[in-house]
4 protein chains.
Amino acid sequence: MESSRRREKKQRILDAAVIEIARRGYHATTVAMIARRAGVADGTIYLYFQHKEEILSSLFERAMGRFIAAGRERLQTVTGAKERLRAIVELHLGLVGGDRDLAIITQVELRHSLHFLEALSRAQVGEYLAVIADIVEEGRREGVFRAGVDPVFAAKAIFGVLDEMATDWVLSRRNTRLESRADEVAGFLLAGLVG
Amino acid sequence: MESSRRREKKQRILDAAVIEIARRGYHATTVAMIARRAGVADGTIYLYFQHKEEILSSLFERAMGRFIAAGRERLQTVTGAKERLRAIVELHLGLVGGDRDLAIITQVELRHSLHFLEALSRAQVGEYLAVIADIVEEGRREGVFRAGVDPVFAAKAIFGVLDEMATDWVLSRRNTRLESRADEVAGFLLAGLVG
Amino acid sequence: MESSRRREKKQRILDAAVIEIARRGYHATTVAMIARRAGVADGTIYLYFQHKEEILSSLFERAMGRFIAAGRERLQTVTGAKERLRAIVELHLGLVGGDRDLAIITQVELRHSLHFLEALSRAQVGEYLAVIADIVEEGRREGVFRAGVDPVFAAKAIFGVLDEMATDWVLSRRNTRLESRADEVAGFLLAGLVG
Amino acid sequence: MESSRRREKKQRILDAAVIEIARRGYHATTVAMIARRAGVADGTIYLYFQHKEEILSSLFERAMGRFIAAGRERLQTVTGAKERLRAIVELHLGLVGGDRDLAIITQVELRHSLHFLEALSRAQVGEYLAVIADIVEEGRREGVFRAGVDPVFAAKAIFGVLDEMATDWVLSRRNTRLESRADEVAGFLLAGLVG
DNA sequence: TATGAATGAGAATTCATTCAT
DNA sequence: CATGAATGAATTCTCATTCAT
């Protein structure tokens with residue numbers, strides 16, 4: 001009960017952080033700004049997060065958690081490596097494209113330092129890449145994908161393409177929907193994977 | 001004559017900046033640290049750069065300049081879209097992989113803020129993408145690449161793969177040579193492009 | 001309650017500023033010096049003042065506030081233009097002469113820049129001049145002062161004499177009391193005003 | 001010959017300084033700005049002045065020199081205390097009002113610090129006050145001015161009025177000519193002095 | 001738990017002054 | 001005499017973090 005209230009307030013702080021950081025960048029955003037938007041006192045932030053940086057990593061973890069949960073759910077209903085890859089592409093672009101503020105954070109702010117990026121990478125992007133690699137592996141076993149493709153390598157390549165599309169969409173302030181490029185992306189990737 | 005001395009000292013400062021920033025990140029690096037490593041006084045930095053941030057953008061411009069020059073030179077000696085793409089891949093991975101400190105900067109530090117990333121993107125990455133798009137276009141005309149591939153899209157996808165490989169290499173402190181993955185990367189990309 | 005504590009601390013900072021600035025001048029006084037004397041941390045200053053310059057203008061406002069309050073009070077108990085002018089002269093010299101540190105600030109430091117001086121002038125000296133002009137006007141109506149005297153001009157002239165006496169007293173480190181010149185000053189001014 | 005060229009360049013620097021300092025204030029004006037406007041190198045300034053502050057005091061000395069020279073000349077042709085006082089008033093307002101840039105400096109910038117103001121005061125304002133005091137003394141001897149007036153005091157009062165008029169004119173950006181107030185000022189002062 | 005006033009370390013930047021050329 | 005590149009001390013202001021209430 002307590003715990004739920006606590007979780008709620010933590011979410012409120014994170015929501016505030018997304019908006020502020022997306023708007024002005026991580027370094028230009030002060031803890032006080034986040035506190036004000038969240039409607040709490042400056043000091044309260046430190047009852048929920050140890051450092052300012054922990055807000056950023058929590059943001060990442062929350063995003064990745066949703067990402068992975070959505071992925072799991074979606075993949076359960078889809079079979080066949082090609083369809084599964086297509087599903088991942090749609091999901092990735094759909095999720096990133098669904099919240100521009102969050103996208104700014106995942107595509108730009110989270111990459112602000114080597115140390116930070118390494119930590120993120122090891123922790124959770126690895127898991128995400130593994131999911132993709134599994135699909136590629138599955139495709140090879142099914143004989144749908146070329147045998148010469150290394151799943152681990154392919155996962156990175158796929159992630160690279162998705163990530164670049166996402167970043168490109170964030171930087172170009174165009175009003176297109178990112179998700180609308182899913183077919184094109186999936187087509188390109190499948191062409192490279194299919195024998 | 002004067003000017004050459006000036007250019008020389010500017011280079012010295014940039015060289016110092018690469019090392020310091022790669023080591024501790026842009027924000028944790030003080031102007032004083034760069035000055036010390038360059039062997040000049042703090043104030044001297046400001047005779048060559050207007051702001052600390054201008055050091056970072058100069059770093060990027062210098063890197064891109066070398067990149068593009070090397071690319072132009074290389075492409076002049078290579079014909080055929082497939083070979084040209086292969087050459088670009090080798091070049092990209094070779095250049096990024098040739099200087100880990102610089103790679104840290106191009107793959108991580110230069111992306112530290114939306115504003116900054118936008119500026120970079122518009123200015124010079126666009127030019128680079130155009131070079132790649134031209135190769136794809138050429139391949140389509142030659143009938144080597146599939147007609148269904150949009151050159152602009154393909155250029156981003158190719159860049160995405162290269163960029164992800166580079167970032168992955170930077171983050172994994174492995175001692176492999178990045179360039180050694182060129183064949184694999186080129187193979188994957190060509191598979192996606194060739195009919 | 002809170003507010004009173006806040007006001008108190010603000011006063012403490014201003015008191016410290018008077019001493020430091022009088023001693024070494026505005027430009028040679030650092031915010032750190034004021035903070036130390038006030039017994040607060042450097043950063044605390046900025047919870048009460050936006051800029052260093054705002055300390056100076058607050059000093060002026062505080063001084064003028066007291067000046068005007070004292071003036072109002074005094075003038076209520078005095079009637080007749082001649083007596084009122086005499087009262088103003090006594091008050092002006094008495095207040096300036098009562099605190100040498102503050103006098104240094106009002107007579108010297110507050111005039112350190114055109115921009116600043118303009119702001120002060122427009123804001124509050126104007127009000128003070130108006131009070132004097134009213135007395136002159138009153139004297140004319142009473143037939144005590146010459147009809148040919150322009151009240152606005154006379155107010156400036158009176159202020160000029162008072163101000164010069166004050167500055168002279170500040171600069172000459174003599175131990176005379178400034179107030180002791182009040183009779184002489186009032187006599188001179190009245191001679192010029194009375195028919 | 002050398003010496004005349006030297007003097008000329010010194011004047012050029014001072015002329016530049018008047019403009020720059022009047023425009024932006026003493027503290028906001030850098031030595032480099034003055035050098036640029038004077039058309040010399042930064043270092044050259046230091047061949048003519050020991051410190052930046054010496055430029056300011058030289059400015060004052062030059063202004064006072066002209067002031068006193070003009071005063072001497074004028075007073076030689078005028079007789080009678082009343083007429084001499086009138087002449088001084090005209091001269092003072094005429095000279096200050098004749099060059100707004102210089103006026104900004106004499107009325108504002110030169111007063112920026114106690115230390116500086118003291119030095120000026122002792123050195124040359126004293127001499128100027130003495131000239132005025134002499135006139136008052138003369139008037140007393142002639143029986144034109146009241147016997148009760150202390151010449152030294154009167155000189156300060158007169159200077160105070162003139163100074164306030166000058167400052168007022170500088171601060172009000174009105175386009176009136178300062179000199180046009182000479183009659184009014186002289187009338188007021190004489191009323192106070194004449195028996 | 002929550003507050004928000006206070007802290008004080010920290011850093012970018014400026015600019016008077018020097019001095020080798 | 002003149003130059004102007006180089007110096008480096010010096011200072012304002014910010015802001016993550018703490019802690020008494």
Side-chain angles (χ1 to χ4, degrees), chain A residues 2 5-6 9 26-36 38-55, chain B residues 1-3 5-6 9-10 13 27-36 38-55, chain C residues 1-3 5-6 9-10 13 27-36 38-55, chain D residues 2-3 5-6 9-10 26-36 38-55:
Chain A
E2 259 183 350
R5 196 174 286 175
R6 189 178 163 78
K9 190 169 272 189
Y26 174 71
H27 271 100
T29 300
T30 68
V31 171
M33 288 169 186
I34 297 172
R36 172 166 309 171
V40 300
D42 296 13
T44 304
I45 299 278
Y46 289 87
L47 300 173
Y48 294 87
F49 303 92
Q50 297 216 278
H51 312 288
K52 185 189 174 192
E53 189 112 310
E54 204 184 277
I55 299 176
Chain B
M1 202 140 289
E2 281 175 334
S3 186
R5 199 171 277 177
R6 190 179 162 78
K9 188 167 273 188
K10 194 166 183 173
I13 294 171
H27 273 101
T29 300
T30 67
V31 171
M33 289 170 185
I34 296 172
R36 175 166 311 167
V40 300
D42 296 14
T44 304
I45 299 280
Y46 291 88
L47 296 176
Y48 295 87
F49 304 93
Q50 297 217 277
H51 312 289
K52 186 189 172 191
E53 187 110 312
E54 203 184 278
I55 299 177
Chain C
M1 204 140 288
E2 279 177 335
S3 187
R5 197 171 278 178
R6 188 178 164 79
K9 188 167 275 188
K10 193 166 184 173
I13 294 171
H27 273 100
T29 300
T30 68
V31 171
M33 288 168 185
I34 297 172
R36 175 165 311 167
V40 300
D42 294 16
T44 304
I45 300 280
Y46 291 89
L47 297 176
Y48 295 87
F49 304 92
Q50 298 216 279
H51 312 288
K52 185 189 173 192
E53 187 109 312
E54 204 184 277
I55 298 176
Chain D
E2 259 185 349
S3 185
R5 196 173 285 175
R6 190 178 162 78
K9 189 170 274 190
K10 195 166 183 173
Y26 174 71
H27 272 99
T29 300
T30 68
V31 171
M33 288 169 186
I34 296 172
R36 172 165 310 170
V40 301
D42 296 14
T44 304
I45 299 279
Y46 290 86
L47 299 174
Y48 295 86
F49 303 92
Q50 296 216 277
H51 313 288
K52 184 188 174 191
E53 189 112 310
E54 204 184 277
I55 299 176

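Chain letters run A, B, ... following the sequence lines, proteins first, then strands; residues in each count from 1. For clarity, every value in this text was computed on a predicted model and none was experimentally measured.
Going from atom CD1 of A:Ile34 over to atom P of E:dG4 covers 17 Å, rounded to whole Å. What separates CG of B:Asp42 from P of E:dA12 is a distance of 9 Å, to the nearest Å. A:His27 has its NE2 atom 13 Å from the C1' atom of E:dA11, to the nearest Å. Here E:dT18 presents its C1' atom at 17 Å from NZ of D:Lys52, a figure rounded to the nearest Å. Atom CG in A:Leu47 sits roughly 16 Å away from atom P in F:dA16 (whole-Å rounding). Counting to the nearest Å, the P atom of F:dC15 and the CE atom of A:Met33 are 7 Å from each other.
Residue A:Tyr46 places none of its side-chain N or O atoms closer than 4.0 Å to OP1 or OP2 of E:dA2. At F:dC1, one or more side-chain N or O atoms of D:Arg6 fall inside 4.0 Å of OP1 or OP2 (strictly under the cut-off). Put simply, C:Lys9 has no side-chain N or O that comes within less than 4.0 Å of OP1 or OP2 on E:dA5. When the side-chain nitrogen and oxygen atoms of A:His51 are compared with OP1 and OP2 of F:dA16, none of them lie within a distance under 4.0 Å.
Where C:Ala41 and D:Tyr26 each meet DNA chain E at their nearest nucleotide, the meeting point lying more 5' is that of C:Ala41. Where C:Thr29 and B:Gly39 each meet DNA chain F at their nearest nucleotide, the meeting point lying more 5' is that of B:Gly39. Comparing A:Tyr48 and B:Glu53 along DNA chain E, the residue whose closest nucleotide (by nearest heavy atom) sits nearer the 5' end is A:Tyr48. If you find the closest nucleotide of DNA chain F to A:Gln50 and to C:Thr30, the one lying nearer the 5' end belongs to C:Thr30.
The partner of F:dA20 is E:dT3, by the rule that a Watson-Crick or G-U pair needs both atom distances under 3.5 Å. The partner of F:dA9, taking Watson-Crick or G-U wobble pairs whose two distances both stay under 3.5 Å, is E:dT14.
Geometrically, B:Lys52 does not engage B:Tyr46 in a cation-pi contact, judged by NZ or CZ lying under 6.0 Å from the ring centre and within 45° of the ring axis.
A side-chain N or O of A:Glu53 and one of A:Tyr26 form a donor-acceptor pair less than 3.5 Å apart.
In this structure, B:Phe49 reaches neither bases nor backbone, as no heavy-atom distance under 4.0 Å exists between it and the strands shown.
Side-chain atoms of B:Lys9 do not come within 3.5 Å of backbone N or O of B:Ala38 as any donor-acceptor pair.
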